[in-house]
Chemist: 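Got a structure for you, questions after.
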Amino acid sequence: NAGVTQTPKFQVLKTGQSMTLQCAQDMNHNSMYWYRQDPGMGLRLIYYSASEGTTDKGEVPNGYNVSRLNKREFSLRLESAAPSQTSVYFCASSESPWGTQYFGPGTRLLVL
Amino acid sequence: QKEVEQNSGPLSVPEGAIASLNCTYSDRGSQSFFWYRQYSGKSPELIMFIYSNGDKEDGRFTAQLNKASQYVSLLIRDSQPSDSATYLCASNAGGTSYGKLTFGQGTILTVHP
């Protein structure tokens, strides 16, 4: 039981490049989330998926898109990376939208 | 305006002391509250959650919730150096915003021997 897994662990992009961050959970959770964490800012919600087939914007969705591929997987796409998107990205999942969220190990992204 | 505010840190306490971490929230519709611990370079891990007014105890940790004052706290008794980490308070608004956790900026705790 791996919990929440994320790939890649670390990525360097040039401005304008695109990439997809992958997240998968094996806890049969219904809800999944993407956060970014910047120094002094805490965690901020980018997008979330309350259940398979639904997605909704969080606090900072601009510049990102998401896909809930199936119950297990929730990906985050940066279409045209900007230096302001340099951050640590965490995926999380929970059994229900009001349940405890469990976090993956994070992806460190550097945009030059 | 930040919806969840945590007491400014860093907080430094001696080993064996009680560490008190505080959090206030602005959304009266908030239903549930979570305390996460995050070690440097690691992901947040849940310590406790609390839904009802009053105290909730789990080992050395006690969470306190006062909805009238919109205040949540975490007490760590008999603090250990291994408790040194950043502590994140989060609220879940519920209703149409259910699932949207709002986090505070975190409080860095250092427990020195």
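Order of the sequence lines sets the chain letters (A, B, ...), proteins ahead of strands, with each chain counted from 1.
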Chemist: My understanding is that only residues two or more places apart in sequence, or in another chain, count here; which of them pass side chain to side chain donor-acceptor pair (under 3.5 Å) with Ser31(A)?
Modeler: none
Chemist: Could you tell me whether the side chain of Leu88(B) reaches within less than 4.5 Å of the side chain of Leu43(A), counting heavy atoms only?
Modeler: yes
Chemist: Grab the two heavy atoms, one from Trp98(A) and one from Phe34(B), that are nearest each other, plus how far apart they are.
Modeler: O-CZ, 4.2 Å
Chemist: Any non-hydrogen side-chain atom of Lys100(B) less than 4.5 Å from a side-chain atom of Glu59(A)?
Modeler: no
Chemist: Taking non-hydrogen atoms and a cut-off under 4.5 angstrom, which of residues 99-112 of chain A neighbour chain B?
Modeler: Gly99(A), Thr100(A), Gln101(A), Phe103(A), Gly104(A), Pro105(A), Arg108(A)
Chemist: Using the rule that two of Ile, Leu, Val, Met, Phe, Trp, Tyr join whenever any of their side-chain heavy atoms come within less than 4.5 Å, decide whether Leu21(A) and Val88(A) are in one cluster.
Modeler: no
Chemist: Look at the side-chain heavy atoms of Ile, Leu, Val, Met, Phe, Trp and Tyr, link any pair under 4.5 Å apart, and say whether Val4(A) and Trp34(A) land in one connected group.
Modeler: no
Chemist: Should Phe103(B) and Tyr33(A) be regarded as members of a common hydrophobic cluster, given that ILVMFWY residues are connected when their side-chain heavy atoms come within less than 4.5 Å of each other, either directly or indirectly?
Modeler: yes
Chemist: Could you go through Leu101(B) and Tyr35(A), starting from their C-alpha distance and side-chain angles, then the distance that decides it, and tell me whether this counts as side-chain contact (heavy atoms from CB on, under 4.5 Å)?
Modeler: CA-CA 10 Å; Leu101(B) 277 187; Tyr35(A) 292 90; 3.4 Å; yes
Chemist: Does any heavy atom of chain A fall under 4.5 Å from the side chain of Gln6(B), the backbone, both, or neither of them?
Modeler: neither
Chemist: Report, as yes or no, whether the 6.0 Å neighbourhood of atom CD on Glu95(A) holds more than 12 heavy atoms from other residues, nucleotides or ligands.
Modeler: no
Chemist: Under a 4.5 Å side-chain heavy-atom rule over Ile, Leu, Val, Met, Phe, Trp and Tyr, are Leu45(A) and Tyr64(A) clustered together?
Modeler: no
Chemist: Do Tyr87(B) and Ile108(B) land in one hydrophobic cluster if side-chain heavy atoms of ILVMFWY residues count as linked below 4.5 Å?
Modeler: no
Chemist: Return the set of residues passing side chain to side chain contact (heavy atoms under 4.5 Å, CB included) with Ser49(A) (not counting sequence neighbours), or none when no residue passes.
Modeler: Thr54(A), Thr55(A), Arg68(A), Phe74(A)
Chemist: Sub-4.5 Å heavy-atom contacts with chain A: which residues of residues 40-76 of chain B show up?
Modeler: Gly41(B), Lys42(B), Ser43(B), Pro44(B), Leu46(B), Phe49(B), Tyr51(B)
